[in-house]
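Working notes, beginning with the structure itself.
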Amino acid sequence: QVQLVESGGGLVQAGGSLRLSCAASGLTFSNFAMGWFRQVPGKDREFVAAITWSGSSTNYADSVKGRFTISRDNAKNTVYLQMNSLKPEDTAVYYCAQSWRSTVPARRENEYDYWGQGTQVTVSS
């Protein structure tokens with residue numbers, strides 16, 4: 001079965017950086033686009049970033065563009081989210097997800113089949 005396991009979350013001061021990782025198993029990782037979403041309690045989950053199967057195309061939410069970078073290593077079945085210049089409003093649980101698409105860096109939740117359990121990111125002011 002498909003498993004997605006996030007790691008790398010934690011507490012960081014505003015302006016700092018974190019790198020999230022998502023290790024995938026139980027699927028042919030290189031066949032699928034991957035994405036990151038985040039959720040704050042009481043709010044809907046929101047799109048953060050996505051990347052196609054090859055890594056040739058990416059997509060970002062306007063709120064993170066220029067600060068976050070999504071990448072992947074298909075040999076390691078891992079997708080990453082490098083987060084720089086973090087702000088308190090980036091505080092959330094971050095989820096990685098596997099899309100049923102391959103060549104489109106999808107933005108909508110219904111374009112994703114499988115989800116990880118999430119990792120908490122807290123940015124203090």
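One-based numbering along the sequence shown.
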Pairs where residues 15-100 contributes a residue and the test disulfide bond (SG atoms under 2.5 Å apart) is met, not counting sequence neighbours: Cys22-Cys96
same_hphob_cluster(Leu86, Tyr80) at 4.5 Å side-chain heavy-atom cutoff: no
Leu81 vs Thr69, side-chain contact (heavy atoms from CB on, under 4.5 Å): CA-CA, chis, key distance, verdict: CA-CA 6 Å; Leu81 186 68; Thr69 303; over 6 Å; no
Lys43 atom NZ, neighbour heavy-atom count above 12 within 6.0 Å: no
Heavy-atom pair of closest approach, residues Tyr112 and Ala50: OH-CB, 3.4 Å
Salt bridge (charged side-chain N to carboxylate O under 4.0 Å, His left out) contacts touching residues 14-35 (sequence neighbours left out): none
Donor-acceptor contact below 3.5 Å, side chain Ser99 vs main chain Glu111: yes
Within one Ile-Leu-Val-Met-Phe-Trp-Tyr cluster: Val121 and Phe47, side-chain cutoff 4.5 Å: no
Hydrophobic cluster partners of Trp100 (side-chain heavy atoms under 4.5 Å): none
Donor-acceptor pair, side chain of Arg72 and main chain of Phe29, under 3.5 angstrom: yes
Gap separating the OG atom of Ser124 from the CG atom of Leu11, nearest 0.5 angstrom: 5.0 Å
Residue pair Ala49 / Tyr60: nearest heavy atoms and the distance that separates them: CB-CD2, 3.6 Å
Under the salt bridge (charged side-chain N to carboxylate O under 4.0 Å, His left out) test, residues paired with Glu6 that sit two or more places apart: none
Distance-minimising heavy-atom pair for Val48 and Val64: O-CG2, 3.6 Å
Which residues share a salt bridge (charged side-chain N to carboxylate O under 4.0 Å, His left out) with Asp44, sequence neighbours left out: none
Any donor-acceptor N/O pair, Asp73 side chain to Val79 backbone, under 3.5 Å: no
Transitive ILVMFWY side-chain link Trp36 to Phe68, under 4.5 Å: yes
Joint cluster assignment, Val2 & Phe32, ILVMFWY side-chain distance < 4.5 Å: yes
Criterion side-chain contact (heavy atoms from CB on, under 4.5 Å) on Leu4 and Tyr114, from CA distance to verdict: CA-CA 8 Å; Leu4 302 173; Tyr114 296 99; 4.2 Å; yes
Any donor-acceptor N/O pair, Ser54 side chain to Ser56 backbone, under 3.5 Å: yes
Thr78 versus Ser21, closest heavy-atom pair with distance: CG2-CB, 4.2 Å
CA sep, side-chain torsions, deciding dist, call: Leu27, Asn77, side-chain contact (heavy atoms from CB on, under 4.5 Å): CA-CA 9 Å; Leu27 73 160; Asn77 284 4; over 6 Å; no
Nearest atoms (heavy-atom pairs only) where Asn84 meets Ser17: OD1-OG, 2.9 Å
Check: Phe37 ring centroid to Trp115 ring centroid under 6.0 Å: yes
Pairs touching residues 85-98 that satisfy side-chain hydrogen bond (donor to acceptor under 3.5 Å, both in side chains), sequence neighbours left out: Arg38-Asp90, Arg38-Tyr94, Arg67-Asp90
Full working for side-chain contact (heavy atoms from CB on, under 4.5 Å) between Arg101 and Thr103: CA-CA 6 Å; Arg101 297 186 179 274; Thr103 60; over 6 Å; no
Non-hydrogen atoms of Gln120 and Val93 that approach each other most closely: OE1-CG2, 3.2 Å
